[in-house]
2 protein chains.
Amino acid sequence: MVSDTQNSTLTQKLADSGLRATSQREIVYQVLLDQRDHPSVDEVFSRAKALMPTISLATVYNCLDALVGCGLVKQVNFERDASRYCPNLQDHAHFHDDATGRIVDIDLPAEVLAKLRNLLPPGYEPGSIELNFRGRAAP
Amino acid sequence: MVSDTQNSTLTQKLADSGLRATSQREIVYQVLLDQRDHPSVDEVFSRAKALMPTISLATVYNCLDALVGCGLVKQVNFERDASRYCPNLQDHAHFHDDATGRIVDIDLPAEVLAKLRNLLPPGYEPGSIELNFRGRAAP
DNA sequence: CTATATGCAAATAGTTTGCCTGTTA
DNA sequence: TAACAGGCAAACTATTTGCATATAG
């Protein structure tokens, strides 16, 4: 369930980006918060349909774009795989377990983030940094 | 031009992965070495066609896969954009300049790479690490 | 009330596949 | 001369678009 606090954050954040709060966007956000397993668009779609049978796939794409656009959700891309979505707003990296396909959040301390920024030549301003690991996760 | 040394490296590396040296693979590799601007498949295709008019798009995909598979080339993915290819074998990150679309290699010192590895919980074995920046490059 | 969002279906982009022929080791 | 690779066209998947209707602010 989305709490009132989450809901007002959602409405607020959408409004900050000039976007409207719609029931579809609320549901898509709720789906991401409910099960933090980095679902693909199709997975979000089927979970959202369980809550609102009339929602369409195109709308799920639109809602996810809106949530990414207003900064509440991050889009996770591993190679050419379908995009996955993550409502974790803390700085973090992702680890893709090749054995299971699962994606795990990896904490990214500010100190390490600063080191990464320092790799850039002067004048380079990174708007976003994406750090992705692939391999075997602990059993 | 691909030097003899590069050519034997190519043949060698392909053989190491159980793959054959073909003129198409040589040309695709040469295209990547000639202009290190992280071309997309379509760009590689049109440059390769200039050298071998009969080469097909599917073959360019196959050749790039083979070169990535034998470790001579890296595949670079930014968000959902088409894959780009890079013959730089040193450890490095990529910076995507949002203004121009250009991708620049960023050196990734072993010391920083080690720090990134250390972010992982015990038992996590990263086969690959991808670090991508997006933003404004220096003018 | 009016701009914005939804739903549906069709379109697109990138990539993969199947099948038959050509080439490499 | 096998096994592997290339060429071509069709298939597929993820995502986007156009347009008519519905809804938020």
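Every chain is numbered from 1 and lettered A, B, ... according to where its sequence line falls, protein lines coming before strand lines. Worth knowing before you read on, the calculation uses all heavy atoms, side chains too, and leaves out hydrogens, waters and symmetry mates. Just so it is clear, the model here is predicted, and its values are computed rather than measured.
- Annotation: B:Phe95 is in aromatic contact with A:Tyr124 [ring centroid separation under 6.0 Å].
- Ring centroids of B:His92 and B:His94 are separated by less than 6.0 Å, placing the two rings close together.
- Closest contact between the side chain of A:Leu19 and the listed nucleotides C:dA5, C:dT15, D:dA14 involves C:dA5.
- Across all strands, B:Ala66 comes closer than 4.0 Å to no nucleic acid atom at all (heavy-atom distances).
- Atom CG in B:Leu14 sits about 15 Å away from atom C1' in C:dT23, given to the nearest Å.
- The side chain of A:Thr59 sits closest to C:dT6 out of C:dT6, C:dA25, D:dA14.
- The distance between atom OH of A:Tyr61 and atom P of C:dG7, rounded to the nearest whole Å, is 15 Å.
- One atom, CG of B:Asp65, and another, C1' of C:dT15, lie 10 Å apart when rounded to the nearest Å.
- Closest approach to the B:Ala82 side chain among D:dG25, C:dA9, C:dG14 is made by C:dG14 (side chain taken as heavy atoms from C-beta onward).
- Look at CD1 on B:Ile27: it is 10 Å from P on D:dG7, rounded to the nearest Å.
- For the pair B:Arg20 and B:Val41, nearest-nucleotide mapping onto DNA chain C gives the more 5' position to B:Val41.
- Residue B:Leu64 contributes atom CG, which lies 15 Å from atom C1' of D:dA5 at whole-angstrom precision.
- Map B:Arg80 and B:Ser56 each onto its nearest nucleotide of DNA chain D; the residue landing nearer the 5' end is B:Ser56.
- The side-chain contact (heavy atoms from CB on, under 4.5 Å) test with A:Arg25 is passed by exactly one of A:Leu64, A:Leu72, A:Asn62: A:Asn62.
- The side chain of A:Ser83 places no N or O atom within less than 4.0 Å of a non-bridging phosphate oxygen (OP1 or OP2) of D:dA14.
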Would B:Thr59 and B:Gln24 count as a side-chain hydrogen bond (donor to acceptor under 3.5 Å, both in side chains) if you check the C-alpha gap in whole Å, the side-chain angles of each, and the deciding distance to 0.1 Å?
CA-CA 8 Å; B:Thr59 294; B:Gln24 289 86 346; 5.9 Å; no
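- Neither OP1 nor OP2 of D:dT23 sits under 4.0 Å from any side-chain N or O of A:Gln24.
- At D:dA5, one or more side-chain N or O atoms of B:Arg25 fall inside 4.0 Å of OP1 or OP2 (strictly under the cut-off).
- Among the nucleotides D:dA5, D:dG7, C:dT6, the one closest to the side chain of A:Cys63 is C:dT6.
- The OH-P distance, from B:Tyr85 to C:dG14, rounds to 12 Å in whole Å.
- An OP1 or OP2 oxygen of D:dC4 is reached within less than 4.0 angstrom by no side-chain nitrogen or oxygen of B:Thr22.
- Rounded to whole angstrom, the span from the CG atom of A:Leu57 across to the P atom of C:dA10 amounts to 15 Å.
- Not one side-chain nitrogen or oxygen of B:Ser40 sits closer than 4.0 Å to the OP1 or OP2 atom of C:dG14.
- Heavy atoms of B:Ala15 sit nowhere under 4.0 angstrom from any nucleic acid atom.
- Between A:Asn62 atom CG and D:dT23 atom P there is a gap of 16 Å when expressed in whole angstrom units.
- To the nearest 0.5 Å, the span separating CZ on B:Phe133 from CZ on A:Arg117 amounts to 8.5 Å.
- Using a cutoff of 4.0 Å between basic side-chain nitrogens and carboxylate oxygens, A:Asp37 and A:Arg102 are not scored as salt-bridged.
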